[in-house]
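Inspection log for the structure reproduced underneath, given as structure tokens.
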Protein chains: 2
Amino acid sequence: MYYKKLPRRERERLRRRNEMLAAALKLFSEKGYHNVSMHEIAQRAEFAIGTLYKFFRNKEDLYKTLVRSTAEEYHRILKDVLDQETNVLSSVKNYIAAKAEFFSDNFITLRLYFAETQGTSFNIKAGLDQDVRKLYNEIIEQLSSTFGKGVQEQVFRKLDPYYMAVALDGIINSFLLSWMEDPKRHLYKKGVPIITDIFLSGVLIKGGNRTN
Amino acid sequence: MYYKKLPRRERERLRRRNEMLAAALKLFSEKGYHNVSMHEIAQRAEFAIGTLYKFFRNKEDLYKTLVRSTAEEYHRILKDVLDQETNVLSSVKNYIAAKAEFFSDNFITLRLYFAETQGTSFNIKAGLDQDVRKLYNEIIEQLSSTFGKGVQEQVFRKLDPYYMAVALDGIINSFLLSWMEDPKRHLYKKGVPIITDIFLSGVLIKGGNRTN
DNA sequence: CTTATTTGTGAATAAATATTCACGTCATGA
DNA sequence: TCATGACGTGAATATTTATTCACAAATAAG
């Protein structure tokens with residue numbers, strides 16, 4: 001509803017900028033930061049190398065912009081889910097579904113996500129790393145607090161809420177990863193109920209083996 | 001018991017080679033493939049740059065050698081655990097413990113492991129990726145077959161064994177990751193029973209919510 | 001239509017770093 | 001002790017790629 005708010009010049013400028021970001025996202029996602037050259041990005045976006053530098057101070061700036069905006073969207077979506085005023089069990093279920101859905105919408109982003117949160121964010125110079133990690137941790141903390149509430153309400157067993165959050169996120173990530181590697185074999189829609197089920201009920205046949 | 005099997009010359013040569021690999025491992029693990037120069041590795045290992053090239057054809061060769069040997073050790077250890085003739089429940093518990101122990105022994109390797117299995121292995125040119133991934137998948141498949149046996153023996157619920165394997169590995173990895181980020185806060189020894197417990201029994205208080 | 005301003009271009013430059021190789025150095029065996 | 005070959009060295013070279021900037025094209029203003 002706010003279209004046309006900006007002058008034509010500005011809008012065109014933004015469109016160009018987005019084209020460059022899109023090209024960069026695709027390339028970074030496929031090959032990783034250091035295996036993509038500025039020339040390559042410019043070429044893919046069909047601009048001259050100089051133009052690219054008119055929009056972004058340097059390669060790192062371009063990359064940071066990309067990752068930041070992605071991270072912020074990720075953060076916003078999951079935070080919204082956890083902020084919703086429902087019972088804790090629904091919150092957790094919604095969290096699982098929302099995370100899966102976010103990435104199924106843009107497969108490409110998933111690669112960037114793993115590159116930044118797992119393993120190799122130490123590839124890029126400091127600075128960005130911290131910010132993205134912080135957003136990621138905030139979500140884990142909030143998920144953790146949801147579990148804390150659940151424990152008090154006696155919906156969940158009396159386990160450390162933080163570890164529950166870590167465990168859940170780990171399961172989801174490993175399903176996302178296997179989906180990323182072979183999208184045909186591991187449909188994500190099929191994964192959501194399985195994740196939920198395993199996490200909530202465990203894999204043992206009887207509750208009798210519980211240590212607690 | 002096989003010391004002295006090799007001539008002095010050869011042994012010294014191997015020792016030198018290992019020093020170079022050790023220096024490389026440390027640097028790659030800390031900064032990632034592209035942020036480490038051959039000069040840096042040579043300097044750290046206290047050899048001239050030319051010497052490094054006498055031992056390894058090029059940078060990629062050095063890196064591949066490193067990752068391959070690490071991956072092979074990882075593979076061997078976990079395969080041994082799963083091959084052990086015990087009941088399925090013990091196998092799974094041992095798997096959890098063995099994986100945690102392997103990485104607690106060499107923290108540094110953990111970084112390399114995440115770089116290769118998660119997210120950014122697509123950073124390095126093809127070839128290596130495939131081999132390492134293959135070893136990793138073999139373990140998941142074997143874990144999966146253990147779960148299959150467990151389902152038949154009615155130890156585990158009737159869920160897809162492959163997904164159980166994916167889920168378990170995901171939980172373990174996320175605990176390892178949080179340990180890597182803050183070793184003081186998340187002691188790995190403390191993590192093992194929690195992982196086991198959550199995975200086997202789930203987080204819900206009652207078994208009544210089970211969907212199956 | 002002319003001028004001014006903004007924006008796009010890509011050859012040229014700068015910097016980083018992977019790789020080579022002509023030359024010492026050292027150990028071994030005669 | 002000397003000759004020989006294996007090994008180590010690091011300055012020099014090759015290559016890749018990030019970044020700049022003088023100029024051209026397009027657009028807006030008068």
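Note: hydrogens, waters and symmetry copies are ignored here, and every other heavy atom, side chains too, is used. So that the names make sense, note that chain A is the first sequence line, chain B the second, and so on, each numbered from 1. As the structure is a computational prediction, the values presented were derived from the model and not from experiment.
In the region residues 45-54 of chain A, proximity to DNA chain C at under 4.0 angstrom, judged on heavy atoms, holds for A:F47, A:A48, A:I49, A:G50, A:T51, A:K54.
Distance B:Y63 OH to C:dA18 C1': 17 Å, rounded to the nearest Å. Atom CG of B:N58 is separated from atom P of D:dT15 by 15 Å (rounded to the nearest Å). In this structure, B:E12 atom CD and D:dA6 atom P are separated by 17 Å, rounded to whole Å. Rounded to whole Å, the distance from CZ on B:R17 to C1' on D:dC7 is 16 Å. For A:F55 and D:dA18, the CZ to C1' distance is 19 Å, given to the nearest whole Å.
Neither OP1 nor OP2 of C:dT19 sits under 4.0 Å from any side-chain N or O of B:R57. Contact check, A:R16 against C:dT7: no side-chain N or O comes under 4.0 Å of OP1 or OP2.
For A:Y163 and B:D197, the side-chain atoms include no donor-acceptor pair closer than 3.5 Å. Side-chain contact annotation: A:Y63 with A:N58, donor-acceptor N/O pair under 3.5 Å absent. Counted by atom type alone, A:S91 and A:N94 present zero donor-acceptor pairs between their side chains at under 3.5 Å. Looking only at atom types and distance, the side chain of A:K99 has a donor-acceptor partner in the side chain of A:Y74 under 3.5 Å away.
Among B:Y95, B:Y162, B:F199, the single residue meeting the ring pair (Phe, Tyr, Trp, His ring centres under 6.0 Å) criterion with B:F147 is B:F199.
Using a 4.0 Å heavy-atom distance criterion, A:F56 is classed as making no nucleic acid contact.
When every heavy atom of B:L135 is checked against every heavy atom of B:H75, the shortest pair comes out as O-CD2, 3.3 Å.
Between B:W179 and B:F107, the gap from one ring centroid to the other is short of 6.0 Å. For B:F47 and B:F55, the ring centers are positioned 6.0 Å apart or more.
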Are there any protein N/O atoms within less than 3.5 Å of an N/O atom in nucleotides 13-17 of chain C, and if so, which ones and at what distance?
none

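Residues passing the ring pair (Phe, Tyr, Trp, His ring centres under 6.0 Å) test with A:F56: none are found, sequence neighbours excluded.
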